[in-house]
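Take a look at the following structure, please.
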Amino acid sequence: MDFISILSIFVLACFVGYYVVWSVTPALHTPLMAVTNAISSVIIVGALVAAAAKGSFEATWLGLIGVVLASVNIFGGFAVTARMLAMYKKKER
Amino acid sequence: MILGAPPLNPPAPLPVAEHVAALPPWVLLAYLAAGVLFILALRGLSSPATSQRGNRYGMIGMGIAVVTTLATQAPIPPGALLPQPTPDDLRILFQILAAIALGAVIGIVTARRIAMTAMPQLVAAFHSLVGLAAVLVGWAAYLNPEAFGIVVPALTTVDGDLVSTRLARINPVSRLEMGLGIAIGAITFSGSVIAFLKLAGKMSGAPILLPLRHVINLGTLLAILGLTAYFMTDQDLWVIATLTALAFLIGFLLIIPIGGADMPVVVSMLNSYSGWAAAAMGFTLHNTAMIVTGALVGSSGAILSYIMCRAMNRSFISVIAGGFGAEAGAITDASKTDRPWKRGSAEDAAFLLKQAENVIVIPGYGMAVAQAQHILREMGDFLKNEGVNVKYAIHPVAGRMPGHMNVLLAEAAVPYDEVFELEDINSEFAQADVAFIIGANDVVNPAAKTDKASPIYGMPVFDVDKAKTVMFIKRSMGGVGYAGVDNDVFYMDQTMMLLGDAKKMVEEIVKALQH
């Protein structure tokens with residue numbers, strides 16, 4: 001992919017983000033932060049590439065540490081979001 | 001300078017570039033699907049009813065992204081869809097899975113054990129991990145650019161000789177993306193660490209003001225930008241090392257002067273940064289899932305920061321400049337605290353609450369500190385059984401992060417349809433018999449409406465002065481809110497001050513109600 005197509009995806013995604021986030025109910029702003037935190041750990045993709053590549057010992061280790069850090073975030077982020085969301089209950093009628 | 005010493009004959013970059021370009025279409029579609037699932041995850045949060053499904057979409061998206069990346073790391077033979085791993089590849093895969101498992105255990109245990117009141121510092125800690133991961137990925141890409149497919153294809157100089165630099169020449173645009181990713185990641189990391197320490201109470205929440213801090217910060221920021229630009233022309237190790245060090249430093253310097261009350265803005269801002277860091281790395285890797293996520297998270301944090309600033313009537317710049325609340329406690333002069341006020345007992349409060357028709361509860365950070373949410377819900381349940389109409393009113397900046405109070409009330413099993421936002425409930429105070437303020441202060445201060453000299457002037461506040469009776473639970477009369485301003489509500493005729501620990505006071509009220 002060339003730079004311009006990537007930039008297009010990025011700019012359009014910013015607009016999607018803008019409208020999607022404004023539609024989030026304020027009561028769920030804390031879960032929103034927790035889940036955005038979890039999904040921003042998609043940076044693990046880069047860590048995986050580094051950890052799997054041959055050719056640089058240092059890069060492999062940096063990658064592996066990155067994988068651990070991002071995994072903490074992914075599992076911790078989604079788990080804590082799920083825990084919070086499970087608490088939101090409607091009035092029993 | 002041994003770091004990253006290259007193999008003497010660097011592997012020819014061309015096959016790598018081909019490998020990247022020759023990814024089968026399903027790989028690109030998989031990353032796109034992951035990006036779409038992440039959008040749906042946020043979309044689900046538009047209502048509590050759909051939110052859990054949204055969270056599962058997010059997990060599926062992450063699973064797709066991770067599996068796809070792992071599956072494509074072994075070379076895919078031309079024409080084949082799936083890779084053919086060698087034993088060596090499988091050994092690497094095992095290493096990686098072990099790393100993921102280690103992270104998973106730490107993450108899940110932390111998520112299970114954390115108290116809901118500690119959510120702000122947990123989120124700050126998680127942000128720091130994303131930031132650090134971005135720095136590590138950036139450095140790994142610098143040390144092993146072939147693996148990331150970002151080397152300049154032609155490795156020859158003008159003379160036609162092989163370039164004898166330590167590292168293969170990295171594409172200048174990729175260097176820019178990499179430099180930005182590392183810088184934003186490092187700022188996110190050190191900034192979040194400070195935010196974590198302040199939120200967890202391991203460091204004073206009071207702003208720490210260095211002399212000349214604006215000059216130092218601005219200079220450091222300019223140096224970072226300059227180095228990032230220079231990195232495009234010179235990929236020497238010192239450039240990226242200095243860049244990283246300065247970015248760590250500025251993250252630290254930026255958050256140090258910001259006081260506890262402004263933490264909701266800081267946490268949101270760091271949330272935004274962690275997104276931009278992921279996006280920058282996505283540009284380096286040409287990865288759709290990362291770019292989409294980065295944009296989503298980046299805008300999410302930015303919007304939350306904006307909402308928080310608006311709810312405090314402060315500009316983003318003034319929050320970032322810091323120092324707010326530095327004089328807290330110093331402003332109250334004796335003449336002000338000497339004004340007459342009425343002290344009530346738990347029994348008085350219980351009596352009035354039982355007689356009331358409409359009660360509006362306003363929780364604030366003090367409720368979180370005292371862990372009073374559960375007993376507060378018991379009080380609400382008791383009153384509801386007595387036929388009292390109980391509602392909860394939440395200010396956007398109540399607590400230490402956006403939506404903090406909502407989570408705590410949800411934890412205490414308060415139904416979310418009894419919890420209202422500021423603009424939805426503010427008109428109802430005129431009909432309220434009791435406004436029950438627990439652990440909040442600045443968000444009910446009428447000075448925000450009347451006193452132009454007040455630091456909180458213009459901030460939208462609850463019109464508690466319109467309620468027939470105001471009950472104000474507060475530790476003591478001496479302290480003031482984070483903004484360091486006195487509150488006229490204390491001295492109103494209809495106000496009853498309930499002095500003491502929030503949890504104990506509500507427990508006593510519940511006891512008195514049961515008699």
Supply the atom-to-atom distance Thr30(A) OG1 to Met401(B) CE, rounded to the nearest 0.5 angstrom. 4.0 Å
For Gly17(A) and Leu296(B), work out which heavy atoms get closest and say how close.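 Reported closest heavy-atom pair: CA-CD2, 3.5 Å.
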Measure from the side-chain N and O atoms of Asn73(A) to the backbone N and O of Phe126(B), and report whether any donor-acceptor pair falls under 3.5 Å.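 At least one qualifying donor-acceptor pair exists.
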CE on Met119(B) to CZ on Arg83(A), rounded to 0.5 Å: 6.0 Å
Phe3(A) and Phe283(B) aromatic ring geometry - parallel, tilted or perpendicular at 30°/60° bounds: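 Answer is tilted, since the angle falls between 30° and 60°.
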Kindly give the heavy-atom pair with the smallest separation between Met33(A) and Ser268(B), and that separation in Å.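 Closest pair (atom of Met33(A), atom of Ser268(B), distance): CE-CA, 3.5 Å.
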Indicate the ring-plane relationship of Tyr88(A) and Tyr416(B), choosing parallel, tilted or perpendicular according to the 30° and 60° boundaries.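 Correct class here is tilted.
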Which one wins on heavy-atom pair count under 4.5 Å against chain B: Val68(A), Ile74(A), Val35(A), Val11(A)?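 Top count of heavy-atom pairs under 4.5 Å with chain B: Val68(A).
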Checking Ala86(A) against chain B: side chain, backbone, both or neither under 4.5 Å from a heavy atom?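 Contact with chain B is through both the backbone and side chain of Ala86(A).
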Just so I know, are the side chains of Ser300(B) and Leu32(A) near enough to count as touching, which here means a heavy-atom distance under 4.5 Å?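 With C-beta onward as the side chain, the pair touches.
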With a 4.5 Å cut-off on heavy-atom pairs, point out which of Ile100(B), Leu28(B), Val419(B), Ile92(B) contacts chain A the most.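 Highest number of heavy-atom pairs under 4.5 Å: Ile100(B).
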Heavy-atom closest pair (Ser274(B) atom, Ser40(A) atom, distance to 0.1 Å) is OG-OG, 3.9 Å
Straight-line distance of Asn37(A) CG to Leu270(B) CG, nearest 0.5 Å: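 CG of Leu270(B) is found 10.5 Å from CG of Asn37(A).
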Using 0.5 Å steps for rounding, measure from the OG atom of Ser51(B) to the CG atom of Leu28(A). 5.5 Å
CG on Leu408(B) to CE on Met84(A), rounded to 0.5 Å: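 So the CE of Met84(A) and the CG of Leu408(B) are separated by 10.5 Å.
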Please walk me through it: do Met62(B) and Val42(A) pass side chain to side chain contact (heavy atoms under 4.5 Å, CB included)? CA-CA 7 Å; Met62(B) 189 60 76; Val42(A) 73; 4.2 Å; yes
So Lys89(A) and Val414(B), do their side chains get closer than 4.5 Å, heavy atoms only?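 No, too far: nothing below the 4.5 Å cut-off.
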Got a second to check how far Ile65(A)'s CD1 is from Leu102(B)'s CG, nearest 0.5 Å?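 Reported to 0.5 Å precision, the distance equals 11.0 Å.
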